[in-house]
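For reference, the structure is listed below as structure tokens.
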Amino acid sequence: MSGTAPFVSLDDFEKYAHANLDRNALDYYKSGAQDMLTLRDNQHAFDRIAIRPRVLRDVSSLDTTTSILGRQISSPVCIAPTAMQRMAHPEGECATARAAHRKNTCMILSSWSTTSIEDTAKSTKGMVGEQAPKWLQLYIYKDRAATQRLIERAEENGYSAIAVTVDTPFLGRRLADIKNKFRLPPHLTMANFEDQGKAQVGEAAMQTASTNASGLAAYVASQIDPTLSWKHIAWVKSVAKIPVLVKGILTAEDARMAVQAGVDGIIVSNHGGRQLDTAPATIDVLEEVVKAADGKVEVYLDGGVRRGTDVFKALALGAKAVFLGRPVLWALNYSGEQGVVEMLDMINEEFRLAMALAGCVKVSDITREYVRYPAQPRL
Ligand SMILES: Cc1cc2nc3c(=O)[nH]c(=O)nc-3n(C[C@H](O)[C@H](O)[C@H](O)COP(=O)(O)O)c2cc1C
Ligand SMILES: CC(C)CC(=O)C(=O)O
């Protein structure tokens, strides 16, 4: 561990980044929508769940390996897509990809990344070991040809799945970004769109910041198609040769629709509390989604996962794996690739200990009986 005092939890990475990042980037990364109730509840909801430990089970040897979409990974802790990672560290998405590769875990690249699909893929070429799974997060853009091209570029560059984000027909209202008139620093671009003249969160959009919406919200409104419906998921399925997941499901009803639409996986997500404020905490709806998916597709969760015990609880309630958003940005800011490795090591160590103290020696041992779960979510 580099730095002055040893970091002992993911909170320490967050505190470091809070003291170190400029306001424009920090507020963008940390904010939730509106009153940030969902953001807060994502974490608090984990605290309301107790683990029911079993004892005297010989936990001297533990195995955290698991698989997602048939690919083995070293632990069920993976990396969620977050846009514009080069604001956190100059190596941005490349550093994240190399850290994910070193830890043999899955990274989802945001389609609004500051490093292109190609350059992110290249950044792990030549590293030892089999390539860790990379997935591409996809927004369905108004420009369908450009959207299809992103899918093809992902396939050409070894990405093994597409995660279509379905909770962002418009951008959630993030008050700090409006006040700050958020802007992508001019030396950075939305790198996947450089050939299309849409790589800057442009000046024109920025002007709307004075009319009670952030420049980012205007940029999103100019690019994303709000007419999207389930038939567009069928369209993505029809053009993609690799598995297609939906990211942003929060109800049993939509989970059933997703399965009907033929998706290969579901990510239970409220976008880290950044879209619809007062939407439920993800851990509070995980079980209903898992039940609705009925074993037909894998279900994953993101939102508020900060401790090994959170990972354990999500698995007990049926998630195949969890994804971390903000902690990756804080760790990147702290020390790039090495920071992300250290952050993943920390939560994985916590997860191992949670398994041992709960009496589980392998991931498949973690089942519903290991949690005492209150009936009603509270906001
Ligand atoms: C700064 C930031 C940028 C994000 N960008 C994207 C994105 O480009 N696409 C997407 O589907 N989700 C995006 N998300 C949502 C994350 O993928 C994920 O759902 C969320 O961060 C999980 O919650 P956590 O931050 O509490 O771990 C973003 C989240 C943050 C914090
Ligand atoms: C460029 C943004 C729309 C990325 C995003 O999903 C977010 O900020 O939450």
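For the single chain, residues carry numbers from 1 onward in sequence order. Note that ligands are numbered from 1 as they come in the structure, with each ligand's atoms numbered from 1 the same way.
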When only distance counts, is [X] in polar contact with ligand 1, meaning an N/O pair under 3.5 Å?
X	value
Asp302	yes
Gly304	yes
Asn42	no
Pro81	yes
Leu324	no

Quick test: of every protein heavy atom, which one is nearest to [atom], and how far off is it to 0.1 Å?
atom	result
atom 26 (O) of ligand 1	Arg306 NH2, 2.7 Å
atom 1 (C) of ligand 2	Trp112 CE3, 3.4 Å
atom 7 (C) of ligand 2	Arg174 NH1, 3.2 Å
atom 6 (O) of ligand 2	Tyr139 OH, 2.5 Å
atom 12 (N) of ligand 1	Lys247 NZ, 2.9 Å
atom 9 (N) of ligand 1	Tyr139 OH, 3.1 Å
atom 4 (C) of ligand 2	Tyr28 OH, 3.4 Å
atom 21 (O) of ligand 1	Gly325 CA, 3.6 Å

Item to check | Verdict with supporting geometry, Thr251 and Glu288, side-chain contact (heavy atoms from CB on, under 4.5 Å) | outcome: CA-CA 7 Å; Thr251 61; Glu288 74 169 73; 4.0 Å; yes
Hey, which atoms in ligand 1 end up nearer than 4.0 Å to a heavy atom of [X]?
X	result
Ser110	7 (C), 8 (O)
Gly303	22 (C), 23 (O), 26 (O)
Ser269	19 (O)
Leu329	1 (C)
Thr165	10 (C), 11 (O)

[Y]/[X] salt bridge by N-O under 4.0 Å criterion:
X	Y	answer
Asp35	Arg40	no
Asp143	Arg149	no
Glu156	Arg153	no

For [X] and [Y], which I'm curious about, is there any donor-acceptor pair between the side chains at under 3.5 Å?
X	Y	answer
Ser214	Tyr28	no
Arg307	Gln43	no
Gln85	Thr96	yes

Contacting atoms of ligand 2, where contact means under 4.0 angstrom from a heavy atom of [X]:
X	result
Ala83	4 (C)
Leu171	3 (C)
Val220	3 (C)
Arg274	7 (C), 8 (O), 9 (O)

Checklist entry - Name the one of Asn42, Thr38, Asp167, Thr282 that satisfies side chain to side chain donor-acceptor pair (under 3.5 Å) with Asn270? => result Asn42
Next on the checklist: So, 4.0 Å and heavy atoms of Gln43: is ligand 1 close enough to count as a contact?
Outcome noted: no
Checklist entry - Would you say Trp112 touches ligand 1, if touching means a heavy atom closer than 4.0 Å? => result no
Checklist entry - For atom 3 (C) of ligand 1, which candidate among Gly32, Ala80, Gly273, Ala83 provides the closest heavy atom? => result Ala83
Next on the checklist: If we ignore hydrogens and angles and just use 3.5 Å, is the side chain of Glu93 paired with the main-chain N or O of Thr115 as donor and acceptor?
Outcome noted: yes
